[in-house]
Amino acid sequence: MARRPRVSFTYLRSLFSNDLLVELSESKISIKVFSSAIKFEEEPYIAVENTKKGEVIKAIGTEAKRETATNITVTNPFKHPRSFVADFMLAEKILQHGIYQIHKSRIRPAPRIIMHQLEKVEGGLTSIEDRVLRELAAGSGAREVIIYLGGKINTSVESFDSVKSRVSAT
């Protein structure tokens, strides 16, 4: 009797996922789908409410900036004087939110992601900064992550694979 090949859950999730470009800056997060007009752009603010049961995310983006209650803290996890990511957990929540907004699926997506940090990259990234970007993408469900440094990528013209081959060549 012939054995059927095992299909991994990650592979199944990849069938419902797009290739994404994530551009990060202190003032805006942009998540774009390659070869599509679909995109998510938002200011990187997150409002966290302190409740009796613990901390709860109240709002993300421009909506978060409007929160004014005393038990709510509004933070930009990408704003820090020395490093790019000030609060890893909150940065990850914003990224997850953006990816879910793009996919709008009941199945958790497993996209291939190109992470493009737009600021504080003079002289390249340290191994710690590289790992932070990889972990942010992985925590958002990415099955493959490419860290890209350079000029802006036109997602209408380029593909995930073309950028990957360019990064691999350097």
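Here Lys120 does not pair with Glu129 in a salt bridge; the nearest charged N to carboxylate O distance is not below 4.0 Å. By the 4.0 Å N-to-carboxylate-O rule, Glu23 lies close enough to Lys152 to be salt-bridged with it.
Under the side chain to side chain contact (heavy atoms under 4.5 Å, CB included) rule, Phe34 has a single partner from Leu20, Thr155, Asp161, Asn18, which is Thr155.
Phe160 has its side chain within reach of Glu144: a pair of non-hydrogen atoms, C-beta onward, lies under 4.5 Å apart. No side-chain heavy atom of Glu49 sits under 4.5 Å from any side-chain heavy atom of Glu55. Counting only heavy atoms from C-beta outward, the side chains of Ile72 and Val48 never approach each other to under 4.5 Å. The shortest side-chain heavy-atom distance between Ile29 and Glu42 does not fall under the 4.5 Å cut-off. Considering only heavy atoms from C-beta on, Ile46 comes within 4.5 Å of Ile57 through its side chain.
Side-chain contact of Glu43 with Thr62: a donor-acceptor pair under 3.5 Å is present, judged by distance alone.
Linking ILVMFWY residues whenever their side-chain heavy atoms come closer than 4.5 Å, directly or via other members, places Val132 and Ile99 in the same cluster. In the hydrophobic clustering of this structure, Val145 groups with Val33; members are Ile, Leu, Val, Met, Phe, Trp, Tyr whose side-chain heavy atoms approach within less than 4.5 Å, directly or through other members. Residues Phe78 and Leu133 fall within the same hydrophobic cluster, defined by Ile, Leu, Val, Met, Phe, Trp and Tyr side chains chained together at heavy-atom separations under 4.5 Å.
Considering every non-hydrogen atom in both Ser30 and Glu41, the closest pair reads OG-OE2, 3.5 Å.
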